[in-house]
Amino acid sequence: MMRYAEPAPAKINLALHVRGKLPDGRHSLETLFAFCVDGDKLEAEAGDGLALTIGGPFAEGLDAGEENLVILAARALASSAGIEPQATLHLTKRLPVASGIGGGSADAAAALRLLTRLWRIDPMHATAVAPGLGADVPACLLSMTARADGAGDAPRLSAEAGVSCVPILLANPRIPLSTGEVFARWDGEDRGPLGEWREGRNDLEAPARALVPAIGDVLDWLGQQAGASFVRMSGSGATCFALFDDEAARDEAAGACPPRWWHLASVLR
């Protein structure tokens, strides 16, 4: 029986500007997504019915039932295509949860790409259902550098020049953060539009650091590493990242990373 595999790359926000709150309570965002080569991994093969198992270093405590985003993505895709969802899926969870790097969204997007191949259906079905699965899922479906503008749960995506092949080190103090709680602490100030991402900012850093002060320790440590050319927090935290001049400098920093933190040495796609 043929077994298919699909990566679920870690997502980072090179910049994230919160421009305001809309009348309906949603937030207006401007962000630039980029993706690592590494992340979670999803595998699938034909099966009777739909089933998911989860393994890997961050599998503990994850529900493989009907509320898992992988299962939700599979059912939405099958419904759009008018077929019965039949597949045996296995997720290797390598990314920490609630960490600002799109783990669940990346997994859902990987399921859409993978099952489109397994079920041999039009990829437009994946594009159609992605927005309903989560704000980051359409960007994760592309898994390429893209700018997003507009309401946080329904952004407009546009392709941007890539930052591919840049060495990156991700670090997280192993403290999960609720996106909702971080947004609730945003001070409501519009600090201006997103232009060139290196000159931008992450407007969620201050509220995230108020909830998890260890984020400041991670940012400070990354900024002190030789060869680190750019340092920022991703998404709503608590994962932070540094871009490096070369892989040797990145690997040296990865080797020195405090053992109590999770870290990932990778390259941008």
Side-chain angles (χ1 to χ4, degrees), residues 9-19 27 29-39 95-96 98-103 105-106 136 139-140 145-149 152 155 160-177 179 182-183 185-187 189-246 249-250 253-254 257-258 261-269:
K11 175 270 309 178
I12 64 164
N13 299 86
L14 292 171
L16 198 169
H17 292 201
V18 186
R19 299 301 312 280
H27 290 85
L29 306 179
E30 297 173 353
T31 189
L32 187 65
F33 292 111
F35 293 86
C36 298
V37 169
D38 302 286
L95 302 176
S99 59
I101 50 177
S105 296
D136 289 349
C140 290
T145 306
R147 176 169 171 144
D149 298 270
E160 290 278 335
V163 286
S164 59
C165 301
V166 177
I168 184 171
L169 176 64
L170 284 65
N172 182 292
R174 292 185 183 270
I175 302 174
L177 255 179
T179 298
V182 174
F183 270 101
R185 283 182 173 245
W186 174 62
D187 63 10
E189 182 178 346
D190 181 0
R191 293 174 172 83
L194 172 61
E196 206 284 320
W197 59 270
R198 287 183 178 270
E199 298 175 1
R201 59 189 185 272
N202 185 337
D203 285 332
L204 297 181
E205 181 186 323
R209 288 177 68 158
L211 291 166
V212 179
I215 290 172
D217 298 331
V218 178
L219 289 168
D220 290 344
W221 183 86
L222 287 170
Q224 294 165 6
Q225 303 310 299
S229 59
F230 183 84
V231 174
R232 188 163 283 166
M233 187 186 82
S234 179
S236 57
T239 301
C240 305
F241 64 91
L243 305 183
F244 283 82
D245 297 332
D246 55 62
R250 179 208 60 198
C257 192
W261 296 348
W262 171 83
H263 71 276
L264 174 68
S266 189
V267 176
L268 293 179
R269 291 165 65 96

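Every value quoted in this text rests on a predicted model; they were computed, and no experiment measured them.
- With values rounded to the nearest 0.5 angstrom, Arg269 atom CZ is found 10.0 Å from Asp38 atom CG.
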Which is it for Leu243 and Leu268 under the side chain to side chain contact (heavy atoms under 4.5 Å, CB included) test, yes or no, and what are the steps along the way? CA-CA 9 Å; Leu243 305 183; Leu268 293 179; 4.0 Å; yes
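- Checked by atom type and distance alone, the side chain of Arg147 never pairs as donor or acceptor with a backbone atom of Glu30 at under 3.5 Å.
- Residue pairs meeting the ring pair (Phe, Tyr, Trp, His ring centres under 6.0 Å) criterion with at least one member in residues 206-229, sequence neighbours excluded, are Trp221-Trp261.
- Listed by chain and residue number, Leu177, Val182, Ile215, Met233 satisfy the side-chain contact (heavy atoms from CB on, under 4.5 Å) test with Ala208 (two or more places apart in sequence, or in another chain).
- Screening residues 222-241 for ring pair (Phe, Tyr, Trp, His ring centres under 6.0 Å) gives Trp197-Phe230 as the qualifying pairs, with residues at least two apart or on separate chains.
- Here Asp245 pairs with nothing under the salt bridge (Lys or Arg N to Asp or Glu O under 4.0 Å) rule; sequence neighbours left out.
- Closest heavy-atom contact between Ala265 and Arg250: CB-NE, 3.8 Å.
- For the atom pair CG (Leu211) and CG (Leu204), the distance works out to 10.5 Å, reported to the nearest 0.5 Å.
- Closest heavy-atom contact between Cys36 and Leu170: SG-CD1, 3.8 Å.
- Proximity of a side-chain donor or acceptor of Asn172 to a complementary backbone N or O of Arg174 within less than 3.5 Å is detected.
- Legend: salt bridge (Lys or Arg N to Asp or Glu O under 4.0 Å) pairs involving residues 209-225, not counting sequence neighbours, sorted by first then second residue: Glu205-Arg209.
- Looking only at distances, no side-chain donor or acceptor of Gln225 sits under 3.5 Å from a matching main-chain atom of Ala253.
- Legend: residues meeting salt bridge (Lys or Arg N to Asp or Glu O under 4.0 Å) with Asp246, ordered by chain and number and at least two apart, are absent.
- By the side chain to side chain donor-acceptor pair (under 3.5 Å) test, Ser105 pairs with no residue at all, sequence neighbours left out.
- Here the closest non-hydrogen pair linking Arg185 and Pro207 is CB-CB, 3.5 Å.
- With sequence neighbours excluded, the residues satisfying salt bridge (Lys or Arg N to Asp or Glu O under 4.0 Å) with Arg191 are Asp187, Glu189.
- Contact detail for Ser266 and Val37: the closest heavy-atom pair is OG-N, 3.5 Å.
- In terms of the side chain to side chain donor-acceptor pair (under 3.5 Å) criterion, Ser99 has no residue partners (sequence neighbours excluded).
- Nearest approach of Lys11 to Gly100, heavy atoms of both residues: NZ-O, 3.2 Å.
- Within the model, atoms CG of Asn202 and CD1 of Ile12 stand 11.0 Å from one another, a figure rounded to the nearest 0.5 Å.
- Every residue two or more places apart in sequence or in another chain was checked for a side chain to side chain donor-acceptor pair (under 3.5 Å) with Ser164, and none qualifies.
- Partners of Arg201 under the salt bridge (Lys or Arg N to Asp or Glu O under 4.0 Å) rule, at least two apart in sequence or in another chain, are Asp203.
- Considering every non-hydrogen atom in both Ser234 and Ile101, the closest pair reads OG-CG2, 4.1 Å.
- Here the CG atom belonging to Leu16 is positioned 10.0 Å from the CG atom belonging to Leu32, to the nearest 0.5 angstrom.
- In terms of the side-chain contact (heavy atoms from CB on, under 4.5 Å) criterion, residue partners of Ala139 (sequence neighbours excluded) are, by chain and number, Phe33, Phe35, Leu157.
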